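The structure appears below as structure tokens.
It should be emphasised that the depicted structure is a prediction, and the values quoted were computed from it without experimental measurement.
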Amino acid sequence: MKGTISSLIYSLPKSLCLLIVNGLTYLGMNLKLKLIGPRICHLTLPSTCDHNCPFCITDVHGKGRLHGRKTLTFDEIKTIIDYSLNELTLKFNLTSNGEPLLYPHLKSLILYIQHRSKGKAEIQIVTNGTSLKKEDLDFYASNNISFWISLHSVVFDSWKQMHRPLHHEQEKYPILLNNILEFSKKGIDLTIHCVVTKLNYKDLNELPNFLTTIRIKHFSLTRLIDFEELKLNNSEELELEKIIANLKNELDKLRINHNLDGFEIMIEEDQNTESSDPGFYELNRCYMPFLMRPITDSGLVKSCNGGPVLGAFNDKTTINKEKDFLIATSNIRKTKGGVDQFQ
């Protein structure tokens with residue numbers, strides 16, 4: 001029944017289809033009832049990686065992460081897509097414990113999503129960007145793909161320290177910057193993302209000049225929670241605050257959306273751990289299940305990005321009971337800004 005209803009909705013003109021889906025999401029959030037699925041399916045693809053970032057939370061190198069455990073098959077991933085689309089989830093974040101552009105079935109997956117949604121789905125690929133190919137530009141543009149590029153720095157030496165590419169770093173960096181330029185010319189939506197560490201925080205001063213040369217939809221920053229050796233000390237954080245204030249002013253001039261207001265709050269929380277001012281997700285954590293359903297590359301479903309495991313994707317009670325998501329999410333005091341990064 002769900003599949004039939006969703007297929008009928010996907011057959012409508014795109015504007016009307018999205019109006020219905022967004023309206024049901026909004027209504028469900030306000031009534032705190034599950035009317036349709038989450039707004040976003042955040043799907044981790046099983047793939048290797050061509051970088052070895054010092055702050056990476058995965059272990060895709062060294063211990064053979066992909067080879068030492070069971071990961072999703074392509075057919076299982078298509079089943080997850082079917083579940084999601086039947087629930088009227090139309091936004092897909094494709095990420096990876098490695099690099100999603102190296103997932104061998106990526107193009108087939110994109111075509112499957114758009115075929116099943118009758119071209120109504122929005123797909124965002126979270127990537128380091130070095131495997132982008134200019135010849136694939138038209139494919140991505142025609143399939144409503146946007147990119148979240150973890151750039152981290154526009155200064156080569158810092159970029160190299162942040163990403164630690166496994167090979168051809170000298171050749172990859174200029175190709176990456178050129179591809180970003182070509183993609184922006186084509187009108188493909190781009191988000192530029194930087195993780196702030198001791199290695200690159202001063203390079204944020206160089207970003208405004210770079211961003212004047214391209215068209216991007218959003219600019220995003222986040223800071224480290226772990227990896228103490230890469231975190232800024234108090235004096236560096238004070239210096240960072242001045243850099244952020246200037247960067248925010250420049251981004252506003254360029255009319256680029258950004259999360260720097262939230263980033264400043266994160267820094268304040270770091271400096272004042274006793275703050276009694278609750279963040280957005282602490283006040284509204286029951287809304288998270290309506291926003292995103294993260295699924296790992298082994299098929300485990302989580303309550304939110306970084307939250308506890310609720311079950312497996314092929315356990316229908318896990319997928320369909322939004323009550324489970326509400327209960328589990330209510331036990332999370334803070335998300336440390338993790339969820340908002342992908343919305």
Minimum heavy-atom distance between D50 and L102, given as atom pair plus value: N-CD1, 3.9 Å
What I want to check is whether the side chains of D203 and S158 have a donor and an acceptor closer together than 3.5 Å. yes
Are I149 and F210 in one and the same hydrophobic cluster, where Ile, Leu, Val, Met, Phe, Trp and Tyr link if side-chain heavy atoms are under 4.5 Å apart? yes
Between the NE2 atom in H258 and the CG atom in L251, the distance rounded to the nearest 0.5 Å is 5.5 Å
Which atom names give the shortest non-hydrogen contact between C17 and Y10, and what distance separates them? SG-CD2, 3.9 Å
Give me the one residue out of L101, V126, I192 that meets side chain to side chain contact (heavy atoms under 4.5 Å, CB included) with F147. L101
Do the side chain of T213 and the main chain of N209 share a donor and acceptor less than 3.5 angstrom apart? no
Value for CD1 (I123) from CD1 (I113), rounded to nearest 0.5 Å, stands at 4.0 Å
Side chain of S96, backbone of L45: donor and acceptor closer than 3.5 Å? yes
Least distance between heavy atoms, A121 atom then Q114 atom: O-NE2, 3.1 Å
For R39 and M292, indicate whether the former's side chain and the latter's backbone hold a donor-acceptor pair under 3.5 Å. no
Check this for me: K14, atom NZ, are more than 12 non-hydrogen atoms of other residues, nucleotides or ligands nearer than 6.0 Å? yes
Looking only at heavy atoms, which two atoms of I180 and L190 are closest? And how far apart? O-CD1, 3.6 Å
Nearest-0.5 Å distance, CD of residue E250 to CG of residue L254: 7.0 Å
Main-chain N/O of I145 paired to N143 side chain as donor or acceptor, under 3.5 Å: no
More than 12 non-hydrogen atoms from neighbouring residues, nucleotides or ligands closer than 6.0 Å to NZ on K248, yes or no? yes
Test salt bridge (charged side-chain N to carboxylate O under 4.0 Å, His left out) on E76 and K70 and set out the steps. CA-CA 12 Å; E76 288 173 328; K70 184 182 183 300; 3.4 Å; yes
Between NZ on residue K120 and NZ on residue K91, distance to nearest 0.5 Å: 14.5 Å
For the residue pair L232 and L240, establish whether any side-chain heavy-atom pair is separated by less than 4.5 Å. yes
Salt bridge (charged side-chain N to carboxylate O under 4.0 Å, His left out), that's the test. Do E237 and R223 meet it? Break it down for me. CA-CA 11 Å; E237 283 201 340; R223 87 290 191 236; over 6 Å; no
I'd like to check S84 versus I80 (side-chain heavy atoms, cut-off strictly below 4.5 Å). Are they in contact? yes
Classify the ring geometry between H163 and W159 as parallel (under 30°), tilted (30 to 60°) or perpendicular (over 60°). tilted
Does the separation of the ring centres of Y173 and F156 fall below 6.0 angstrom? yes
Would you kindly check if the NZ (Lys) or CZ (Arg) of K78 is within the cone defined by 45 degrees around the ring axis of Y112 and under 6.0 Å from the six-membered ring centre? yes
So, does N259 use its side chain to make a donor-acceptor pair with the main chain of L221 at under 3.5 Å? yes
Salt bridge K202-E236, side-chain N to carboxylate O under 4.0 Å: no
Do I20 and I36 share a hydrophobic cluster (ILVMFWY, side-chain heavy atoms under 4.5 Å, transitive)? yes
Going by an N to O cut-off under 4.0 Å, is there a salt bridge joining K172 and E169? no
For a side chain to side chain donor-acceptor pair (under 3.5 Å) check, start with the C-alpha distance between T130 and N128, then their side-chain angles and the critical distance, and finish with the verdict. CA-CA 6 Å; T130 56; N128 63 45; 2.9 Å; yes
Both conditions, 6.0 Å and 45 degrees, for the charged tip of K107 above the ring of F139: are they met here? yes
In Å, rounded to the nearest 0.5 Å, how long is the span from CG of L137 to OG of S142? 9.5 Å
Measure across P208 and N205 and return the closest heavy-atom pair with its distance rounded to 0.1 Å. CD-O, 3.5 Å
Interatomic distance, N200 atom CG to T197 atom OG1 [nearest 0.5 angstrom]: 4.0 Å
So, the side chain of T89 versus the backbone of L85: is there a donor-acceptor pair under 3.5 Å, distance only? no
Of the non-hydrogen atoms in L43 and I81, which two are nearest, and what is the gap between them? CD2-CD1, 4.2 Å
With distance as the sole test, does H152 use its side chain to make a donor-acceptor pair with the main-chain N or O of V195 at under 3.5 Å? yes
